[in-house]
Amino acid sequence: MKLLLAVIKQTQRQVVCVVRGCGLSSCAASGPSPLRAEVMVASSRELLQTVGSQVEVRTAFLSAQEEAAFLQELEPGLKKKRYEFDHWDDAIHGYRETERVRWGAACEEILNRVRTEAFADGRSVLGPVHVLDLDKTGYIKPHIDSVKFCGSTIAGLSLLSDCIMRLVKEDAPNEWLDLLLPRRSLYILRDQARYRFTHEILKDEESVFNGQRVPRQRRISVICRDLPV
Ligand code: OGA
Ligand code: MN
């Protein structure tokens, strides 16, 4: 799956604009909150409207039971692998990963929900689902997924931890969006957000969303992609 990754460059930050969604798993622990915190901030209002419309974050997409079903299915295989820290040139640091084609009934049903949400227009979905387990100290450097191996849409579930995904315009690093990906949320990147912006998952020390610290724990993502056209 490393083939899918082409590392691009680092980022810069600027002003902030805000939108929609709801909160952190740390907030959810104290019961449902009437306040809906933001899940997306960007360098400008315009960017939020254009590229922001090609990005979705669905909070509480998974129930706690559904998250547990994924863990039950994935943990035995993941535990046999070691986290990789030593390849400094990799796009990902502190990770182990796998791909899975066949799933148990509970997970398959959830993945079908993801596919329906993300690939509704019937584009062909890549068979193997990518599972990426980031250590608490792990992170993903800015990159754009290879266009050779996947199409216009990337849809990912976040298990076990909140995190921040940063999108930065490939040829204009002052244009950026930060996405808050709460534990058990689904995110979808489409079109320009997928092709013209690098994406990255911030390391714990840098994990601050719109001024608010978002502690990173071990995080597993379950990612569905479509085939290139
Ligand atoms: C990747 C990637 C994001 C995530 O594996 O290419 O960008 O949510 N993963 O783990
Ligand atoms: Mn990627």
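Every number for a ligand or one of its atoms is a count from 1 in the order of the listing. Scope of the values below: all heavy atoms of this structure, side chains included, with no hydrogens, waters or symmetry mates.
- By the criterion of a heavy-atom distance under 4.0 Å, neither the backbone nor the side chain of I154 is placed next to ligand 1.
- The Mn ion (ligand 2) is closest to atom NE2 of H199 (considering only N, O or S atoms).
- The residues R216 and E205 are annotated as not salt-bridged, no charged nitrogen and carboxylate oxygen being separated by less than 4.0 angstrom.
- A155 and A118 make their closest contact through CB-CB, 3.7 Å (heavy atoms, listed as atom of the first residue, atom of the second, distance).
- Among heteroatoms of the N, O or S kind in D145, OD1 lies nearest the Mn ion (ligand 2).
- Residue S221 has at least one heavy-atom neighbour below 4.0 Å for each of these atoms of ligand 1: 4 (C), 8 (O), 10 (O).
- Heavy-atom contacts of Y187 reach the following atoms of ligand 1: 3 (C), 4 (C), 8 (O) (cutoff under 4.0 Å).
- Note on ligand 1: E97 sits outside its first shell, no heavy atom being nearer than 4.0 Å.
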Show the numbers, then the answer: is there a side-chain contact (heavy atoms from CB on, under 4.5 Å) between F197 and Q192? CA-CA 7 Å; F197 285 70; Q192 276 201 59; 4.2 Å; yes

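- For D145, every heavy-atom contact with ligand 1 shorter than 4.0 Å involves the side chain, none the backbone.
- Counting heavy atoms under 4.0 Å from ligand 1, residue R225 touches it through the side chain alone.
- No side-chain N or O of H199 forms a donor-acceptor pair with one of R166 less than 3.5 Å apart.
- Under 4.0 Å from ligand 1, the heavy atoms of I223 that appear belong solely to its side chain.
- Donor-acceptor pairing under 3.5 Å is lacking for the side chains of H93 and D135.
- Cluster annotation: M165 and Y95 are assigned to the same hydrophobic cluster (Ile/Leu/Val/Met/Phe/Trp/Tyr, side-chain heavy-atom contacts under 4.5 Å, transitive).
- When you scan the N, O or S atoms of H143 for the one nearest the Mn ion (ligand 2), you land on NE2.
- Of the options V55, L47, T198, a side chain to side chain contact (heavy atoms under 4.5 Å, CB included) to L167 is made by V55 and by none of the others.
- For atom 2 (C) of ligand 1, the candidate residues are E200, H130, H143, M165; the nearest heavy-atom contact is made by H143.
- Close approach of ligand 1 to L132 (heavy-atom distance below 4.0 Å) involves ligand atoms 5 (O), 10 (O).
- Linking ILVMFWY residues whenever their side-chain heavy atoms come closer than 4.5 Å, directly or via other members, places V114 and V222 in the same cluster.
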